[in-house]
**Q** 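This is the structure I have questions about; it appears just below.
Note on naming: letters A, B, ... go to the chains in the order of the sequence lines (proteins, then strands), and numbering restarts at 1 for each one. From a predicted model like this one, the values you see are computed outputs, not experimental measurements.
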Amino acid sequence: MAALPTTADVVATNLKRRGFDMAGTVLSTVLLLTLLASLGILVTLLVDVFTGGIGVLADRGWSFVTDPLSPTPAKAGVLQGIMGSIALTAIVVLVAFPVGVGAAAYLEEYARDTRFTRFVTANIRNLAGVPSIVYGLLGLAVFVKLAGSLTGGRTIIAGGLTLAVLVLPIMIITASEALRAVPDELRQASMGVGATKWETIRHQVLPVALPAILTGTVLTIARAFGESAPLLLAGAVLSSFFTSADGVSLFERLADEKYTALPIIVFNWARQPQEEFRALTAAAIVVLLVLLLAINAAAIVLRDRFERT
Amino acid sequence: MKRPTLAGAFVALALVAAACGGDGDGGADGESIEISGSSTVEPITALVAEDFSAANSGVAVSVEGPGTGDGFARFCNGETDISDASRPIKDSEAADCADNGVSYVELHVATDGIAVITSAANTAVACLDFNDMYALVGPEAEGFDNWNDADALGAELGASNAPYPAAPLVITAPGEESGTYDTFVELVIEDIAGDRGQEEATRVDYEASGNDNVIVQGISGNDTSLGWVGYAFFAENTDVLKAIEVDGGAGCVAPSEASIASFEYPLSRPLYIYVNTDKAAEKPVLADFVDFYLSEAGLASVAEAGYVDLPAADIESTKSAWSSR
């Protein structure tokens, strides 16, 4: 029977080995290439979009951002899309954040580990992978038709609720993971000095988990901001032109029948025949990216505030 | 510094939302015009709507372009006031309208031609007749990867341009959901397919896209490509596309504004708007809108959107159809 090499033997062999670590170098090169490939795709996309859109943005300046939609390329702007997208995002945050964090807190802190809770958790993970168009159909059936008397039909409220449902699974998963990452000692210490379960969650667990939850919220907002397919079903206007009635306040206008969102405008302009709309499409994508960056930056600043304290 | 709480975080996150929330009911009902339907007609109607609301601020107008079929579905459900259409209403759709008590008037507002297109670099093919097109893109053409694969079928049909060049046949064209597809099948394929007991459709193995820019790219990207597209899209892209002349039995005709308006070009089709007459009676603003659409200023949008104006006589008959609604 051959003796197995002892640890000391292995270490000694490895230390004595000289020369070039072929496998290691190849591996690190391959890994670097994968990184460069994905960066390359991103940079190509950004360069393509910016070179396509910069002409329009330079010519039109702020008017591109403050003008409404128009079938005439020289007059078309994205104001209605920006307002729609911001309002949709706000509804998503208002609905998905409390519901998502609440569901996650229940699953992680209160629910017993039964077959049922495992079933629920597995299904939430599955729901996160359901194509967004399916949520669009759900939104059409539930928020536009069934609850039409509450949402007003094809309104931004129905669209926002659809997107909120769409991102809810992601919200729950990230919040659950954030809560799970909070060390158990914290809970035990808090309970040990006589705090109730609620006080423990409220004053110890949630504040610690909050930065990670907010990171999840950022991802959620980004997802909702870029969606177009479910909104098309849930009633966003795919149009080169629409107006609202005069004399209605901003609030009423947002809750009015007609709304659109930036990704929808991008889609609509991309299918127009005129060459000018291709540049407008690129410019609208630039606006979308800038807004997305701004929203993400705001959320990151917010997260850092909570992390420091 | 005050210790941030969960409530604080929530309030901060919801700050934007608070500014934008607020419930409201569905807008000003009497003062709104809802238009949906053909994406081909949408640019005309959108231009008209823009001019109309410049003169009538306070009226909420929306113009959508999901497609003629989708448009009629909503129109006959009473959801829209006007439906844009790139073909006349089908019997089944008219029956839907009748079931829901929606009465309407059909107004011919412009003319569109379907251009049969290939790459600007293609010099081998100049003209095709309906039999040629059936041999190349009809239901029996399935699996033809080269133009000359259709030689036998073309000869059998008596197509005037068979045999065809020995070159790859790459077809890019609108998909089944498009009005342009319907019109192409109706004008080119239907009769021949009916005679031969075949399905009234094109072959299914082609690159189908609802996005005309994708079609333009697919056609221009291959020297021996074949496809069809609305004339406006062709006219926007004459630098990379070449229109194949079409022989409808009276010789080869190239698509042009003149040959389309006179229907001399065999693949031209009328464009319509359908107006809900009950709503036009209820809402003066809707009747005003249609009046404006049919005025000289309104119909100027036809050419602006890249379509072919109606001859004066047709404009008159459209106007009398509207006034006698």
Side-chain angles (χ1 to χ4, degrees), chain A residues 69-72 75 83 86-87 89-94 97-98 101 150 152-157 202-203 206-207 210 213-214 217 232 237-258 268 270-275 278 295 298-299 302 305-306 309, chain B residues 1-6 8-10 12-28 31-32 34-36 39 42-50 53 57-66 79 210-214 216 229-230 232-233 235-237 301 304-306:
Chain A
L69 288 170
S70 164
T72 317
K75 287 194 282 179
M83 281 167 51
I86 290 177
T89 308
I91 295 172
V92 167
V93 172
L94 263 182
F97 184 79
V101 174
L150 296 175
R154 301 172 158 262
T155 62
I156 203 160
I157 295 170
R202 167 84 173 65
H203 294 291
L206 279 181
L210 201 53
I213 292 177
L214 288 178
T217 310
L232 286 175
V237 177
L238 179 63
S239 169
S240 312
F241 181 78
F242 71 100
T243 58
S244 306
D246 259 4
V248 292
S249 66
L250 178 68
F251 309 130
E252 281 176 293
R253 191 164 295 197
L254 288 170
D256 202 339
E257 290 256 327
K258 299 295 165 203
N268 187 46
R271 64 189 193 126
Q272 300 296 322
Q274 297 100 316
E275 186 69 40
R278 250 152 275 173
I295 291 180
L302 203 66
R305 250 189 72 116
F306 285 103
T309 47
Chain B
M1 197 172 98
K2 192 172 164 266
R3 188 166 180 274
T5 61
L6 180 69
F10 182 55
L13 266 171
L15 212 68
V16 195
C20 307
D23 264 68
D25 51 348
E31 294 288 274
S32 70
E34 267 201 59
I35 305 165
S36 188
S39 57
E42 184 198 348
I44 307 175
T45 308
L47 285 165
V48 174
E50 188 179 41
S53 43
S57 69
V59 182
V61 189
S62 75
V63 185
E64 294 185 70
E79 292 174 41
N211 183 329
D212 291 277
N213 287 320
V214 172
V216 167
V229 76
F233 288 90
E236 296 273 349
N237 293 282
S301 302
E304 208 179 320

**Q** Does any heavy atom of chain A fall under 4.5 Å from the side chain of Thr45(B), the backbone, both, or neither of them?
**A**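 For Thr45(B), no heavy atom lies under 4.5 Å from chain A.
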
**Q** Most heavy-atom pairs under 4.5 angstrom with chain A, which of Val63(B), Val216(B), Ile35(B), Leu47(B)?
**A**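 Looking at each of Val63(B), Val216(B), Ile35(B), Leu47(B) in turn, Val63(B) comes out on top.
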
**Q** Measure the CD-CZ distance between Glu34(B) and Arg154(A) for me, rounded to the nearest 0.5 Å.
**A**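 Atom-to-atom, Glu34(B):CD and Arg154(A):CZ are 8.5 Å apart.
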
**Q** Where does Glu42(B) contact chain A at under 4.5 Å (heavy atoms): side chain, backbone, both or neither?
**A**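 For Glu42(B), the contact with chain A is made by the side chain alone.
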
**Q** Between Ala235(B), Ser53(B), Gly230(B), which shows the greatest number of heavy-atom pairs under 4.5 Å with chain A?
**A**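 The answer is Ser53(B).
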
